[in-house]
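Reviewing the structure listed below.
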Protein chains: 2
Amino acid sequence: MTKTKSAAALPLNTIIDGDCIEVMNGLPEASVDLIFADPPYNLQLKGDLHRPDNSRVDAVDDEWDQFASFKVYDDFTKAWLKAARRILKPDGAIWVIGSYHNIFRVGAELQNQGYWILNDVVWRKSNPMPNFRGKRFTNAHETMIWAGRDESSKYTFNYEALKALNEGIQMRSDWVLPICTGHERLKDENGDKAHPTQKPESLLHRVLVGATNPGDVILDPFFGTGTTGAVAKMLGRDFIGIEREAAYRKVAEKRIAKVRKFDREALQVSVSKRAEPRVPFGQLVERGMLRPGEALYSPRGQVAKVRADGTLIGNDVKGSIHQVGAHLEGAPSCNGWTYWTFKQDGKKVPIDVLRQQIRSEMTN
Amino acid sequence: MTKTKSAAALPLNTIIDGDCIEVMNGLPEASVDLIFADPPYNLQLKGDLHRPDNSRVDAVDDEWDQFASFKVYDDFTKAWLKAARRILKPDGAIWVIGSYHNIFRVGAELQNQGYWILNDVVWRKSNPMPNFRGKRFTNAHETMIWAGRDESSKYTFNYEALKALNEGIQMRSDWVLPICTGHERLKDENGDKAHPTQKPESLLHRVLVGATNPGDVILDPFFGTGTTGAVAKMLGRDFIGIEREAAYRKVAEKRIAKVRKFDREALQVSVSKRAEPRVPFGQLVERGMLRPGEALYSPRGQVAKVRADGTLIGNDVKGSIHQVGAHLEGAPSCNGWTYWTFKQDGKKVPIDVLRQQIRSEMTN
DNA sequence: CGGCGGTATGAATCCGTAA
DNA sequence: GTTACGGATTCATACCGCC
């Protein structure tokens, strides 16, 4: 089977009924850009938990969350992570969220299978449930692991977009976001919460903006009430959900149907210079923006002359704009575009201005 | 508090030369109240890394952090965790700190050996090193795992002390503290950092106030430059350090010997006029800006003493800085921040000056 | 003495493409 | 596969020297 054929055959934007391991094993290999997984937590709660006023806490005690032992949980973890890795594209990545009950086992198995951890990201809850018994710290965070399929995976990371989300400061590995409450929290027919561990859309928004591009395929093997699908749809990504509980699928279907995709312009995010087209310095000479023999100036006033082939010649060294700059600074590397200036109407102007002119012509 | 025979034989308040596994195996079983461990992280760094200004990052490339494979690291982890568990008292507990490189393997092995995880605690660094290449999130936190020796261990948890340290709010599982820099950062004869990964005393302060009582025995198998020992001594706990590097032992000995000499220069302030997040008074204590036992002065010259949990004790009353101030004034309320002063170089300085210093670090 | 600007540095798995 | 090289990339804080 060819990759294109199978990729076209992906059940996009649907929720598949079944066990996630079996379903993933039935999907074509190397076909998914990102996996977001919120696996069962193996909470091992001993009996019921009560608040000081004796009201019962609605703990995570569903049948699917009971595992006899670490062994059973590890086998389960191995199996679904292996199935997930097979369907990931070579440059694909995975996010897994968990708590101290399960995240260490998940993280170790990720490493064992050859996934390459990129960050652990802490979701710091601004409004966590207190520890009612006063015997431990308020459990105020959960941990997400972000990992590439391989060490060599060229994973997607929208650095500039995340930086913009954070008011111009590089995004950190700890995210402060409130838990899912209020009208965002889905209810069943009885008015009870539809799912015990519904994640906030703000969390998925940050994950998907940061780690995917519009049109990417995102698979969620533990779809639940479909937060991943809802946010993927909003953001113009395709999703594949897998969920074996009919009640959750039903809620998710209804939820996602109501979601509207953001406008195309709203989906545009800041891009880094790295993603812009490369302009050889020689083009500036070819186009006559700089003439052979013209002088360029370093920040410290040193002079180099432009040669016809787009190299520079300084006092005792010649080479590219980067090489000569690095040599003058005694530095391992140098960005010649921002290092050198030329004289225009008597004022010194960075040569990067000329590159921007060419780039703006290219995108017209 | 009487000590058992085996505890009496312990080499208290000394730094033992040797491999931590062998040394621990030579100690009597069930004799230690708490273990704090900062094991090698197995960073697996490849080439050099440069900042955008071309300066080179001083990497952690020490011999002691080199492991050939996950298998080798896991064997090491198994061995020291096993030795640690044997010497823990039945109600003892362990803290282990790590990063995503190693913490998942440590956590899984803790669970495998029967330790019972109580919380994972995230140290959110207020001033982490950025991600210089813009390829990942700022690595802004480290993870600590707190676990009892057994599921049944009646571990020590000073809930009220921690709550007091946090100005009456239950302490959360995420702690914001700055990394160890400035005068607290120990230097060698050449003026270089004595240890590449020295932990801040504020971190150990919170761990030891929360998880031990005065007179408890705290063992640190990877003692390094002895932060655990220094804070233990400050807080009236006994410590046992194990360290195989002579250079680290030497620095640690010297450091701990003069622990009571409080470095007043840490009080130098730089007032910021930015946003004003809530700062618990306890942080001033944790961070060494005010010492437990230090005197605070009311406007009328009355004296109250600072306690390790961030409360004050006056002649006949104890409580928060606000409560004690209100009591002295016979007033319904009192702003302790502007009410109390401490002595710096013989002059009375409002404690609010210290709060401003912390705020300038928090608003990032 | 204070403010200001320049410099140093911290547990880091830190590039992408063309030849 | 490997090599070569263009060129993109940083935040909080401490300290020092200079007005």
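Lettering follows sequence order; numbering is per chain, from 1.
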In whole angstrom, give the distance that lies between atom [atom1] of [X] and atom [atom2] of [N].
{"X": "R136(B)", "N": "dC14(C)", "atom1": "CZ", "atom2": "P", "result": "5 Å"}
{"X": "F157(A)", "N": "dT9(D)", "atom1": "CZ", "atom2": "C1'", "result": "12 Å"}
{"X": "K154(A)", "N": "dA18(C)", "atom1": "NZ", "atom2": "P", "result": "11 Å"}
{"X": "M171(A)", "N": "dT10(D)", "atom1": "CE", "atom2": "P", "result": "14 Å"}

- [ ] Could you tell me whether N139(B) contacts a base, only the sugar-phosphate backbone, or nothing, with contacts defined as non-hydrogen atoms closer than 4.0 Å?
- [x] sugar-phosphate
TODO: Determine the contact category for L118(A): base if any of its heavy atoms lies under 4.0 Å from a base atom, sugar-phosphate if only primed atoms, P, OP1 or OP2 are that close, otherwise nothing.
DONE: nothing
TODO: State whether D74(B) and K71(B) are salt-bridged, where the test is any N-O pair (Lys NZ or Arg NE/NH1/NH2 against Asp/Glu carboxylate O) under 4.0 Å.
DONE: no
Open item on the list: Tell me whether D188(B) is salt-bridged to K250(B), with the criterion being a basic N under 4.0 Å from an acidic carboxylate O.
Closed with: no
Task: Contact pattern, 5' to 3', of nucleotides 3-8 of chain D - B, S or - by protein heavy atom under 4.0 Å - done: ---SBB
- [ ] Summarise protein proximity over nucleotides 5-10 of chain C in one line of letters, 5' to 3': B for base, S for sugar-phosphate only, - for none, counting protein heavy atoms closer than 4.0 Å.
- [x] ----BB
Open item on the list: I want to check a possible cation-pi pair here: R105(B) against Y73(B), using under 6.0 Å from ring centre and within 45° of the ring axis as the test.
Closed with: no
TODO: Check whether any side-chain heavy atom of P39(B) lies under 4.5 Å from a side-chain heavy atom of T77(B), and answer yes or no.
DONE: no
- [ ] Classify the side chain of K125(B) and the base of dA11(C) as holding, or not holding, a donor-acceptor pair under 3.5 Å.
- [x] no
- [ ] Please determine if a side-chain N or O atom of K135(B) lies less than 4.0 Å away from the OP1 or OP2 oxygen of dG16(C).
- [x] yes
Task: OP1 or OP2 of dT10(D) under 4.0 Å from side-chain N/O of K163(A) - done: yes
TODO: Mind telling me whether F137(B) and W146(A) have parallel, tilted or perpendicular rings, with 30° and 60° as the class edges?
DONE: perpendicular
Task: Consecutive Watson-Crick or G-U pairs in runs of at least 3, all under 3.5 Å, in which DNA chain D is involved - done: C:2-10 with D:11-19, C:15-19 with D:2-6
